Each structure stands twice: as structure tokens, then as C-alpha cells.
Amino acid sequence: MIAKNKVFVSTLIEWSSTIIRDMPWKGIRNPYYIWLSEIILQQTRVEQGRKYYEKFVELFPTISHLANAKIDTILKNWEGLGYYSRARNLHETAMYITKEHQGVFPKTYVEILNLKGVGKYTAAAIASFAYDLPYAVVDGNVIRVLARYFGIKEAFDTSSGKKTFEESAQKLLPNDAASKYNQAIMDFGALVCKPALPMCDTCPLGNSCYAYKKDEVNILPYRAKKTKVEERFFNYFVFTYKNKFYVQKRNAEFWRDLYQFYLIESEKLFSEKEVAKELKKINIHDASMIHTKDLTQKLSHRKIYARFFYIELANKPLFDDFEEISKSKLTNFAFPRIINLYIQNNF
DNA sequence: AAGCCGGGGGC
DNA sequence: GCCCCAGGCTT
């Protein structure tokens, strides 16, 4: 087993010197930029995160730039990336480090792990890439490579399964090459040992890979749970009066702190008659329906059915907690993807 | 331990 | 349609 481990590690490190996977944060030692990149990349493909990383480095070149920014500015630049609590935690942690640590990024694994929005993976990534500390990363790539190569059949999405993979990864880590090895195994998972259609024919680990020999590549790694999808029905009332629009900061379980139009959620999408009833309830009597538009969006565990009612008002509405803005100002606000799609196609 | 948090891309 | 992605937080 020790011999197999050594072959595994040395083969990966050797393989990594033969490939090119260019990423703007690769090889950087500045912990601020590494942290930024790792938060952006949580549950996010490298190709999706790349533009956001470049934008954030440009807009917030130091941690104090980020700390001094407004949360709405950060969210606007995070718009479209998803998991918006990452942006809030990023801001809070930037403020914390600026104030409590004089702007100096923590240098130990435990301190890094204690930062908001930083879990075991991200702490290991920062500790190894910035300081070459011997902590093994365990992300989706690592889980897949280890499960297949060593034939680990425990489900990874349970607490004991996570522990198994973490212990295995830590045991394999060469303490004198933490950064290089962590980078190598993730690159390998992304380029060779891919989730679908892995490149087993040309894989440098092929002749010692458990899954390849047993023909179990397509069933490893094991997952225990399936996510179930819940349907939700959102009726957006897009009120307009004298060329002004009304948006509100959302305070709900998801898309929190993004903006939205007047929203009523229901069991199924409203008909125009039901809209008229709702307008009466909020004391709007002189209104004309200009158009309605349906859109859907799939989230990880939800399907959103949205119907946009564009409603022209004869009188100025009296809303609490809404901002009155002109059409050209809409682009200053961070919206969920489905609202941006609506705006782009109908305004 | 289980459930929740977005959006995009591959097949 | 379903799965996965440089995961973490809350309950």
C-alpha cells in the first residue's frame, strides 16, 4: 500500500509538469488573492469563476479596498455567480482582517479556518498555496480521483465519508510539496479523471487504478443522497409610473440582499383576474396591464416559475421599502438571473 | 446528520 | 433530464 501511495503521488507530480492549465491565480503567493479565488471557485467551475476573479482583483486590489466597499457594490459584481452568501462573508471577513489584524492575512491553518466562509477545503488551499503548509485539499476533484484510484466505496456526502476522504488525502500529502501536490491532484481531476468520459486510455495511473481495472470508473465515487427539486411560483408585479420603476431588496431564504420587483408567491401562477384582485388589496385602482411574460429558472433544489406582470399605474404608488428608480438605473442593482433575463428581453 | 444556498455546462 | 462544479453554513 505504501508503494502504491508513492507511485500515485510521484506520478501526479510528474504529470503536472507535463500539462498547461493556465489560471490567473496559479502560482500566486499573496494570501488575499488566493483567498479571493478560492471563495469564487467554491462549487463553481474554473471557467465560470475566471472573469469574476479578474474583475475583483481589478476593482479591489487589496483587502482594504474590499473592506471599504459597500455590500451592494460587491453583490453587483458578484451578480450571476450564485451562492450570494459568499459575497457577504467575503466582505465581512475583509472588514474583520482589516480591523482586527491590521490588514494582515492570518498565517496559520486554524486562524484561516476560523474565517467566515472558509471551511476545511478553503483553509487547506490557502495554507498550502500561500505558505506551503502541509494540509491536503479535499474538493470534488480529489474525492473522485481517490475514490477511483484506491477504490474507496464509502459515500462522500456523509460526515463519516468526508472524514474517510480527508484522512486518505492527508496521508498521501507529501509534506515537503504541499502546494505542488494539491495543485496537481486537482488539475488531474479536472483534466484527466473527469466526472464524465474520463481519459482512462491515456491515463498515467491507468495500470494501477482500482476503478479502471474493475471497470467501475463510471460508478465511483458513490453518493448517498439525491437532491429533490421543489417547485415555486413567483408573480412579479413590474410597476411603472411616469417612467419610474420600483425595486426592493429581497429578504428571504435565497437570493437574499439581491433586488426584485414587487413579488407575490402563490400555489400556482396568477391569472390576470387574480392580479386585479391583488391590486385591489393594496389599494391600486387605476392600472393597466401592458404585458405578461413567463420565465423559468432551475436552481439546485428548486424550480422557479416566474410570471412578470408589467403594470402601468395612473397614480404614484406608496410602497414602503421600495426604491423608485428610472429605467437606466436598473443596471446599478444586483438581480437574480431570472429577473435580469426578463429585463434584458422586455425593456 | 441533513438540508439549504445559484448558476452554468456536459452529456 | 440528471449530474457535477477548486464547499460552507444552519438547524
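Per chain, numbering begins at 1; letters A, B, ... match sequence-line order. Keep in mind the model is a prediction, meaning the values are calculated, not measured.
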Would you mind telling me which of [options] lies closest to the side-chain atoms of [X]?
{"X": "A:P336", "options": "B:dG7, C:dA6, C:dG7", "answer": "B:dG7"}
{"X": "A:D187", "options": "B:dC11, C:dA6, C:dG7", "answer": "C:dA6"}
{"X": "A:N89", "options": "C:dC9, C:dA6, B:dA2", "answer": "C:dC9"}
{"X": "A:R144", "options": "C:dC4, B:dG6, B:dC11", "answer": "C:dC4"}
{"X": "A:P195", "options": "C:dC5, C:dC9, C:dG7", "answer": "C:dC5"}
{"X": "A:K298", "options": "B:dA2, C:dC2, C:dC3", "answer": "C:dC2"}
{"X": "A:R45", "options": "B:dC4, B:dG6, B:dG9", "answer": "B:dG9"}
{"X": "A:R21", "options": "C:dA6, B:dG6, C:dG8", "answer": "C:dA6"}
{"X": "A:W255", "options": "B:dG7, B:dC4, C:dG7", "answer": "B:dG7"}
{"X": "A:M186", "options": "C:dA6, C:dC5, B:dG6", "answer": "C:dA6"}

If you look at every strand shown and take non-hydrogen atoms under 4.0 Å, does [X] touch a base, only sugar-phosphate, or nothing?
{"X": "A:E47", "answer": "nothing"}
{"X": "A:L197", "answer": "sugar-phosphate"}
{"X": "A:W78", "answer": "nothing"}
{"X": "A:T158", "answer": "nothing"}
{"X": "A:E230", "answer": "nothing"}

Worksheet item: Which heavy atom in A:V145 sits nearest to a heavy atom in A:C193, and how many Å separate them?
Response: CG2-CB, 3.9 Å
Discussion item. For A:K55 versus A:N77, what's the shortest heavy-atom pair and its separation?
Written reply: NZ-O, 3.0 Å
Got a donor-acceptor pair under 3.5 Å from the side chain of [X] to the base of [N]?
{"X": "A:Q48", "N": "C:dA6", "answer": "no"}
{"X": "A:Y121", "N": "C:dG7", "answer": "no"}
{"X": "A:S300", "N": "B:dG6", "answer": "yes"}

Please determine if a side-chain N or O atom of [X] lies less than 4.0 Å away from the OP1 or OP2 oxygen of [N].
{"X": "A:Q43", "N": "C:dG8", "value": "no"}
{"X": "A:K116", "N": "C:dC9", "value": "no"}
{"X": "A:Y53", "N": "C:dA6", "value": "no"}

Fill in: Distance (rounded to the nearest 0.5 Å) between A:N114 CG and A:Y96 OH
7.5 Å
Item to complete: Tell me, yes or no, whether the heavy-atom count around A:K116 atom NZ, taken from other residues, nucleotides or ligands under 6.0 Å, exceeds 12.
Response: no
Fill in: Identified pairing partner of B:dG10, criterion: Watson-Crick or G-U wobble below 3.5 Å
C:dC2
Item to complete: Output, in order, the C-alpha distance, side-chain angles, deciding distance and verdict of ring-ring contact (aromatic ring centres under 6.0 Å, His included) for A:F254 and A:Y84.
Response: CA-CA 8 Å; A:F254 60 97; A:Y84 295 92; over 10 Å; no
Fill in: Ring centres under 6.0 angstrom apart (A:F261, A:Y310)
no
Worksheet item: Taking for each residue the nucleotide of DNA chain B with the nearest heavy atom, is it A:S160 or A:S85 whose nucleotide lies nearer the 5' end?
Response: A:S160
Worksheet item: Closer to the 5' end of DNA chain B via nearest nucleotide, is it A:D157 or A:A252?
Response: A:D157
